[in-house]
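Below: one structure, written as C-alpha cells.
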Amino acid sequence: MPILTNLDNMLAKRHMSLTELSEKVEITIANLSILKSGKARAIRFSTLEAICRELNCKPGDILDYTPEQE
Amino acid sequence: MESQKLKNKKIIEFIFWILSILVGIVGLGLIVSVVFFFMTLFNPNFEPFYPVTEIPLKIFENGLLELNNGDKYNILIDDAYISFNINNTYGLPGILNFIFFELVLVIAFYIVFTLWKIFRSIRNSLKYENPFHPQNIWRIRKIAIAILFSAFLNIIYPIILKFLWFNDVVFLGKSFEIKLNFDYGLDIFWALIILVVAEIYRIGLEIKKDQELTI
C-alpha cells in the first residue's frame, strides 16, 4: 500500500498510548490498531481531524506516500 | 426500518426451514433409491416404480384438441416423451439408467444442501446484519456448476441410450425415433444468471471489507 501511517511515531513524540488516544478520539483500539498497522483501506476526514486535534499535528505528520516499486 | 428488518428475518427463517425440509426429503429419496436398486439387483422379480426414464420422441402427428365447450380444433403433436422402468434386468442400459437417475438425484441433493448452507450462514449473521461471507461466493458458484452438469447429463443421456440400446419406439401401430433433447439448454442460461449473482455477491463482499477497514 503506497500510503503509510506514522501514527506510532507521533504517539511516541506526544508521549501518548494508543489506549489514551482511542479514549480521546472515541474510536475503538481495534480500529486504531488497524490504522497503525497499515491495514486500513480508507480514513474518514472526521477521524483524521480528531486524531490531528488530539496529537496536535498535521495530516502529513501521520500520513506518508511511498510509490510502489514496479 | 425495524419492522422491515423483522420482516426480512422472518422471510429468511421461513426459507431456511423450507430448505431444511427439502434436504431431508431429497436425502431420504437418495437412500431409498439406493436400497431399492440393491433389492432389485438381488431379486429381479422385485420391480418398484422407479427409476423411470423419460425419453423424447421424434413425433409429427395430427391430433384433435377438444375444448370444455365441445369445440374441436385440429392440432399438430410435435413433441412427446415416453416413460418406462429400466432396472438391472435390462442389462447394461438398466445399470446405466440407475446410475443416471442417482447422479441426477445426487446433484439435486447437492444443490439443495448448498442452498441450505448459504441460508444458514445468512440466518446466523442476522444478528450482525452481515450476510456477506467469502464461503458463500463459492457455494453460489458451485450451485451454478451443478446445474450445468445436470443439464449436460440430461442432454447426453438420450444420446447414449439411442446409440447404445434403442432403435425405435412402436405404439399405436407406428414407429417413432428417439429425439435428441436440447430443452435442458435453458438450464445453461439459469446457471449463467447464478454465476452473475455470485459475482455481485463477491463485489458486495469487497465493499463490505472496504467499509470495515474504513476508520
Side-chain angles (χ1 to χ4, degrees), chain A, chain B residues 1-13 15-16 114-115 117-145 192-215:
Chain A
M1 181 78 157
I3 301 291
L4 305 171
T5 52
N6 299 319
L7 189 61
D8 39 2
N9 290 346
M10 194 48 63
L11 281 170
K13 276 185 189 173
R14 298 290 182 257
H15 305 289
M16 198 186 289
S17 69
L18 200 67
T19 312
E20 285 169 339
L21 181 64
S22 80
E23 284 166 10
K24 287 181 180 180
V25 299
E26 292 176 356
I27 292 169
T28 62
I29 292 177
N31 279 350
L32 277 183
S33 296
I34 289 171
L35 185 63
K36 189 178 137 189
S37 64
K39 288 180 185 167
R41 289 197 188 181
I43 183 167
R44 295 186 183 92
F45 282 159
S46 55
T47 304
L48 195 55
E49 182 207 335
I51 291 173
C52 289
R53 184 184 66 238
E54 294 304 325
L55 292 178
N56 192 25
C57 65
K58 291 192 187 320
D61 295 330
I62 52 172
L63 297 173
D64 196 6
Y65 170 72
T66 307
E68 273 178 339
Q69 300 286 337
E70 284 189 27
Chain B
M1 184 74 170
E2 281 300 319
S3 65
Q4 185 59 44
K5 280 185 192 174
L6 197 60
K7 240 189 254 178
N8 291 343
K9 284 178 188 175
K10 284 185 179 172
I11 291 169
I12 289 169
E13 282 282 348
I15 294 172
F16 175 74
T114 308
L115 262 175
K117 280 202 270 189
I118 292 170
F119 268 88
R120 186 181 60 170
S121 83
I122 291 174
R123 188 184 80 140
N124 291 345
S125 70
L126 280 176
K127 186 181 166 190
Y128 306 104
E129 291 276 321
N130 178 20
F132 293 103
H133 289 274
Q135 292 164 328
N136 284 344
I137 298 170
W138 265 111
R139 284 173 184 155
I140 296 171
R141 285 182 184 150
K142 281 176 188 174
I143 289 174
I145 293 166
L192 289 173
I193 290 177
I194 291 168
L195 284 172
V196 167
V197 167
E199 272 313 292
I200 292 168
Y201 199 92
R202 187 191 61 78
I203 291 165
L205 182 66
E206 284 299 317
I207 293 171
K208 175 211 150 198
K209 271 189 197 165
D210 272 346
Q211 192 258 328
E212 274 177 355
L213 294 176
T214 295
I215 311 300

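Per chain, numbering begins at 1; letters A, B, ... match sequence-line order.
Within residues 12-25 of chain A, no residue has any heavy atom closer than 4.5 Å to a heavy atom of chain B. Inspection of non-hydrogen atoms places A/Ile27, A/Asn31, A/Ile34, A/Leu35 of residues 26-35 of chain A under 4.5 Å from chain B. Chain B is approached within less than 4.5 Å, heavy atom to heavy atom, by no residue from residues 53-67 of chain A.
Here the NZ-CG distance, from A/Lys39 to B/Leu213, works out to 9.0 Å after rounding to the nearest 0.5 Å.
Among B/Gln211, B/Glu206, B/Glu212, the one residue that satisfies the side-chain contact (heavy atoms from CB on, under 4.5 Å) test with A/Arg41 is B/Glu206.
Identified under the ring-ring contact (aromatic ring centres under 6.0 Å, His included) test for residues 22-55 of chain A, with sequence neighbours left out: none.
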